[in-house]
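Notes to accompany the following structure.
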Amino acid sequence: MKFPIAWSLADIAKLLDVRFIGDPDHQVLGINEIHRVENGDLVFVDHPKYYDKALACAATTVLINKDVECPPGKGLLVSDDPFRDYNKLTRYFRPSVFSKGNLGAETSISDSALIHDRAVIGNRVSIGERTIINAGAVIGDDVVIGDDCIIHANAVVGGDAFYYKRRPEGYDKMHTCGGIFIGDKVEIGALCTIDRGVSAVTTIGSGSKLDNQVHVGHDTIIGSNCLFAAQVGIAGCVQIEDNVILWGQVGVPSDVTIGKGAVVLGQSGVTKDLEPGITYFGSPAEEARHKFRELAMIRKIPQILEKLR
Amino acid sequence: MKFPIAWSLADIAKLLDVRFIGDPDHQVLGINEIHRVENGDLVFVDHPKYYDKALACAATTVLINKDVECPPGKGLLVSDDPFRDYNKLTRYFRPSVFSKGNLGAETSISDSALIHDRAVIGNRVSIGERTIINAGAVIGDDVVIGDDCIIHANAVVGGDAFYYKRRPEGYDKMHTCGGIFIGDKVEIGALCTIDRGVSAVTTIGSGSKLDNQVHVGHDTIIGSNCLFAAQVGIAGCVQIEDNVILWGQVGVPSDVTIGKGAVVLGQSGVTKDLEPGITYFGSPAEEARHKFRELAMIRKIPQILEKLR
Amino acid sequence: MKFPIAWSLADIAKLLDVRFIGDPDHQVLGINEIHRVENGDLVFVDHPKYYDKALACAATTVLINKDVECPPGKGLLVSDDPFRDYNKLTRYFRPSVFSKGNLGAETSISDSALIHDRAVIGNRVSIGERTIINAGAVIGDDVVIGDDCIIHANAVVGGDAFYYKRRPEGYDKMHTCGGIFIGDKVEIGALCTIDRGVSAVTTIGSGSKLDNQVHVGHDTIIGSNCLFAAQVGIAGCVQIEDNVILWGQVGVPSDVTIGKGAVVLGQSGVTKDLEPGITYFGSPAEEARHKFRELAMIRKIPQILEKLR
């Protein structure tokens, strides 16, 4: 998320009531997650394991819970609780506004789009030419849908990120302030759920087709012309390249990349990055021809036992 | 789907702007998929692998992309793109009409049926005696629901078939023009999705009970008194006979048959036809007693290694 | 479910038109399932396998299909069909009332709660302070939701129990008359389904967070501060203690207990009680470190075969 105007490091520090290290006039243009940051962005880090990564990434401002040396050209905000203060920032720049109605504010809906009376459209939503939003579909805030898409009945495009910090008193919710971008000619099946980015944008590339009951988590980026069969579940912060096919009930965890044109067979559970153009199977998923050989091997155990008797 | 009146082969050829082979007055009564065709039906085929099957099946008219000899008593329509022309036909005979409202045209709803104000009913829908349609349920076009059924909240009965042709420029959508037939005393759980047939009828037999979040694909035929637990996923063109029990999260791919009274244990992934009356387990699913023996065998590998040391 | 006033054994027998054994003035205060009964409750049993358990449990009245000796201080109702007569009782004390509207009767909704116009609220529903009910969410009858909860879009909280008795003529539905209790600071993700208890109360403890498309069956009890990722499926009558983490697509069958702080990795299928504090994996789920060792063992079969050649 970009701020409406540039803020100075000193002003952000004042807003959060924290100390800063660096040039007081250092510019902060927006906030983002570490996977998606660029020059001008602020990123937060609250675990020593990720300090170096956060300080070295493209973000030029780092909200951190340790007094460290400020990398040249960057700015630091030193907080005792960066998670809390990141939420303070996102709530300040994009507060949750609960609307009770079926059409939000600041929407841009093409005249040729077909929106069912029983669909619900949130705030800051854009819907392209000839796109169809079916009955009961709920489009949340900050969603952009391209041309010639179909959002099928009762799908939810724009839910909150499932992202919490565990504290002694319970789970503390990360405020969702990112969005969703859906390209052209995309179909989102009935009863799919697509979550908004935390502060970046969940993306589904043009021509991709999702069958019913597919789940896509926050900040995940899906390429073009992908095909996901029913009940596929994709966590947050996943990268799926173009032309990937996931068959029914496949599961994909956070932070993995699936290479271009890979195919994952039904019910497989991905656990690591997958190579382009290869077919995978199993839970954990392995290259399918290895997995099938393995299954054949298991059937040989009785004859091994026979030999050893 | 049957046409309102019989068409001649010559007239269909003119409509599609393609050549025909056979008697110009040869009658075409409707269109259907190869799994479900009968005398009078038109079927399409666009892959050499399926030419023989399509020419030999019960359909009496074949839309094909090759000049072949016309089987006696049949008619051929020779097109450079049968998929495109099949879509042209279905769009001509059953165009998609987007209705924004919560009650479609040509509906027949029994006086004793209970329909929630927040349910949505499509076009050409029939609902039987004492059937209950709960809040948020979306009944699409061309759906017949029998007596004493319950469609639970937010279920979607009548979504589009998930069926595309891969082309160099992306996925080309097959136009859905089939329907759904649900017998008597059927329960469709909350948030289930049942897709319409492409040109035939997805069927759920009387007395079958579907728990929440079950998915049933296009043109699948489910027998009577089946029991499917939550989150079962069934692809298109599946045949499930009477009294089948599928436990939670079972997956069933396209084009398989599950025999009468078979039981598939939780999370299993069916990959081939299953015999009647047998219990299956695993992904891929095997006869459960074999699978359990296999699991026991795996636990013996350490002692095999011990012996070999 | 408790009755509005105490009933005598003789009056219940008259209502059901069955014989009773015991003191005609013996008090019956409510009905419940065998997992949840307490003093004053009536329980039903119709299978010899469970006679002893039902007669010995905390329930003080037993609806049974056999003439047995009445335990001291208890009352018996002897029916040829206890399932049918239990349904008669629940339908008498809590008949299904179909309401077509979006707000039921006898609701108690906090002034600070935020309810979307497109949400549906059933009968006898209580919603606490600052709780948010999003668009399309359907809250069924007899649901209590605490403070600071979020029910996300199109979730269904209050569906019927998936509970049938198999009879020669088909499945006979158990009438749902129980409720749901959701504590404080609970999140129920988009398109989740939470079923009501049959006659007890499905419970989700304070601070628990459910991602999208999670299913929770009837009468299941979930502790505090649990975290369930997307597409988890939990059957009925499950007991999940505090701080349990279930990763995506995990399945949990009926009648198991998952101990405090246990973690179940993605796609695992629980089949038995799980110990507190342990991490599990696989389908069937085993202790994760055993399961990973087993997977490594399978990869050794080729070298075993090599050695034996």
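Each chain gets a letter, A, B and so on, in the order its sequence line appears, and its residues count up from 1.
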Spell out the residues in residues 169-180 of chain B that have some non-hydrogen atom less than 4.5 Å away from a non-hydrogen atom of chain A, in order of number; otherwise answer 'none'.
-> B/Gly170, B/Tyr171, B/Lys173
Using non-hydrogen atoms and a 4.5 Å limit, figure out which bit of B/Val232 sits close to chain A: side chain, backbone, both or neither.
-> backbone
For residues B/Thr193 and A/Leu191, report the shortest heavy-atom separation together with the two atoms involved.
-> CG2-CD1, 3.2 Å
Highest number of heavy-atom pairs under 4.5 Å with chain B: which of A/Gly207, A/Gly282, A/Ser268, A/Ala153?
-> A/Ala153
In terms of heavy-atom pairs under 4.5 Å, which option from A/Gly248, A/Ala119, A/Ala190, A/Gly266 contacts chain B the most?
-> A/Ala190
To the nearest 0.5 Å, how far apart are NZ in A/Lys307 and NZ in B/Lys307?
-> 14.0 Å
Of all heavy-atom pairs linking A/Gln267 and B/Ser283, the shortest is OE1-OG, 2.7 Å
Please report the closest heavy-atom contact between A/Asn243 and B/Arg166, naming both atoms and the distance.
-> OD1-NH2, 3.1 Å
Where on A/Phe292 is there a heavy atom nearer than 4.5 Å to chain B: the side chain, the backbone, both, or neither?
-> neither
If you count heavy-atom pairs under 4.5 Å with chain B, which of A/Leu305, A/Leu265, A/Asn134, A/Leu227 comes out on top?
-> A/Leu227
A/Asn212 and B/Asp195: side chain donor to acceptor below 3.5 Å = yes
Per-residue contact mode, B/Ala155 against chain A (heavy atom under 4.5 angstrom) = backbone
Smallest heavy-atom separation, B/Asn102 atom then A/Arg118 atom, equals ND2-NH2, 3.2 Å
Below 4.5 Å from any heavy atom of chain A, which atoms of B/Val250 appear? Answer side chain, backbone, both or neither.
-> backbone
Looking only at A/Leu308, A/Leu295, A/Ile304, A/Ile132, the option with the highest number of non-hydrogen pairs under 4.5 Å against chain B is A/Leu308
Of all heavy-atom pairs between A/Ala229 and B/Phe162, which one has the smallest distance, and what is that distance?
-> CA-CE2, 4.3 Å
Looking at A/His116 and B/Ser99, what are the two nearest heavy atoms and their distance?
-> CD2-O, 3.1 Å
With no hydrogens and no angle check, is any side-chain donor or acceptor of A/Gln231 less than 3.5 Å from a backbone partner on B/Ile234?
-> no
Rounded to the nearest 0.5 angstrom, the NZ-CG distance for B/Lys100 and A/Leu114 is 6.5 Å
Applying a strict 4.5 Å limit to non-hydrogen atoms, the region of B/Val214 in contact with chain A is backbone
